[in-house]
Amino acid sequence: MKLLLDTHLLLWAAGAPERLSVEARHLLEDHQNELLYSPASLWEISIKRALNRPDFRVDARVFWRALLDNGYHELPITGEHAVFVEGMPLLHKDPFDRILVAQACVEGVTLVTLDAVVAGYPGPVRLL
């Protein structure tokens, strides 16, 4: 199964795996799953780190390299993803989360998230 991880799930998997649920750990450790990340997550980390957010202390360049070194695959953002956002309900105003949902819907991959609001979107979104 192809799994697109939301930003906090990526951060926890890399830096605080003890915060992950048992279900999340099983999904991430299952070698049959292809783990994907979005450039939107790197963008979010870069912006929020520059704003000195305490939950975004990781250097995005180092994090990006670590994702690649650990077998994660990048799911590029396309124009189709961007225009899909227009038709989405306004459940969540965060543009980073909205583009992740759009990517999952357009590409037919499962977005796994820790955010109950994001999980409220119709489509392939799974709350962990």
Side-chain angles (χ1 to χ4, degrees):
M1 174 173 21
K2 291 184 178 188
L3 301 174
L4 176 60
L5 280 67
D6 81 357
T7 306
H8 271 97
L9 193 55
L10 283 170
L11 289 169
W12 287 6
E18 68 281 358
R19 296 182 75 178
L20 296 173
S21 68
V22 171
E23 179 185 12
R25 279 191 293 249
H26 285 285
L27 282 174
L28 298 179
E29 293 168 359
D30 184 342
H31 295 292
Q32 292 185 19
N33 291 331
E34 181 179 351
L35 303 178
L36 307 171
Y37 71 92
S38 172
S41 292
L42 298 173
W43 179 34
E44 180 178 14
I45 291 166
S46 295
I47 288 172
K48 292 181 178 177
R49 181 173 188 232
L51 295 171
N52 292 315
R53 287 264 309 261
D55 52 340
F56 288 89
R57 296 208 183 271
V58 65
D59 180 314
R61 280 189 187 91
V62 172
F63 191 65
W64 177 42
R65 186 73 250 161
L67 289 171
L68 295 173
D69 289 347
N70 285 286
Y72 286 76
H73 299 273
E74 184 173 279
L75 181 58
I77 297 171
T78 67
E80 187 176 5
H81 301 146
V83 298
F84 186 89
V85 170
E86 183 180 11
M88 292 170 51
L90 280 173
L91 301 178
H92 206 300
K93 293 182 182 179
D94 185 310
F96 304 111
D97 290 325
R98 292 174 58 77
I99 198 69
L100 293 175
V101 172
Q103 286 182 282
C105 290
V106 169
E107 300 301 327
V109 301
T110 301
L111 172 63
V112 287
T113 183
L114 302 168
D115 186 328
V117 177
V118 172
Y121 277 101
V125 182
R126 182 171 171 182
L127 180 64
L128 295 180

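Positions are given from 1, in the same order as the sequence printed here. These figures come from a predicted structure and were not determined experimentally.
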(request) Return yes when atom CD of Gln32 has more than 12 non-hydrogen atoms of other residues, nucleotides or ligands closer than 6.0 Å, and no otherwise. (result) no

(message) Rounded at 0.5 Å granularity, tell me how far CD1 in Ile45 sits from CG in Asp55.
(response) 10.0 Å

(message) Quick check for you: to the nearest 0.5 Å, what is the distance between Leu75 atom CG and Leu4 atom CG?
(response) 6.0 Å

(message) Could you measure the distance from the CD1 atom of Ile99 to the OG1 atom of Thr78? Nearest 0.5 Å is fine.
(response) 7.5 Å

(request) Quick one: pull up CG in Asp97 and OG1 in Thr7 and give me the separation to the nearest 0.5 Å. (result) 6.5 Å

(request) Measure across Ser21 and Ala24 and return the closest heavy-atom pair with its distance rounded to 0.1 Å. (result) OG-N, 3.0 Å

(request) Could you walk me through whether Ile77 and Gln103 pass side chain to side chain contact (heavy atoms under 4.5 Å, CB included), step by step? (result) CA-CA 7 Å; Ile77 297 171; Gln103 286 182 282; 3.7 Å; yes

Give every donor-acceptor pair under 3.5 Å between a side-chain atom in residues 115-128 and any protein atom, sequence neighbours left out.
unit_1 : atom_1 : unit_2 : atom_2 : d
Asp115 : OD1    : Val117 : N      : 2.8
Asp115 : OD1    : Val118 : N      : 3.3
Asp115 : OD2    : His92  : NE2    : 3.1
Tyr121 : OH     : Pro89  : O      : 3.1
Tyr121 : OH     : His92  : N      : 3.1
Tyr121 : OH     : His92  : O      : 3.4
Tyr121 : OH     : Arg98  : NH1    : 2.9
Arg126 : NE     : Glu23  : OE2    : 3.3
Arg126 : NH2    : Glu23  : OE2    : 2.5

(message) Go through it in stages, so that I can follow the logic: the residues are Leu36 and Lys2, the test is side chain to side chain contact (heavy atoms under 4.5 Å, CB included), and I'd like the CA-CA distance, side-chain angles, deciding distance and then a yes or no.
(response) CA-CA 7 Å; Leu36 307 171; Lys2 291 184 178 188; 4.1 Å; yes

(message) Is it the case that atom CZ in Arg25 sees more than 12 heavy atoms from other parts of the structure closer than 6.0 Å?
(response) yes

(message) Do Lys48 and Phe96 have side chains that approach each other closer than 4.5 Å (heavy atoms only, starting at C-beta)?
(response) yes

(message) Give me the atom names and distance for the closest heavy-atom approach of Leu28 to Ala13.
(response) CD1-CB, 3.7 Å

(request) Please name the residue in the list Leu10, Leu35, Val62 that meets the side-chain contact (heavy atoms from CB on, under 4.5 Å) test with Leu67. (result) Leu10

(message) Test: salt bridge (Lys or Arg N to Asp or Glu O under 4.0 Å). Region: residues 65-91. Which pairs qualify, not counting sequence neighbours?
(response) Arg65-Asp69

(message) Can you pull out every ring-ring contact (aromatic ring centres under 6.0 Å, His included) where at least one residue sits in residues 72-91? Sequence neighbours excluded, please.
(response) none

(request) Please examine the side chains of Leu51 and Phe56, heavy atoms only from C-beta on, and report whether any two atoms are closer than 4.5 Å. (result) no

(request) Could you point out which residue of Asp6, Leu5, Leu100 forms a side-chain contact (heavy atoms from CB on, under 4.5 Å) with Ser38? (result) Leu100

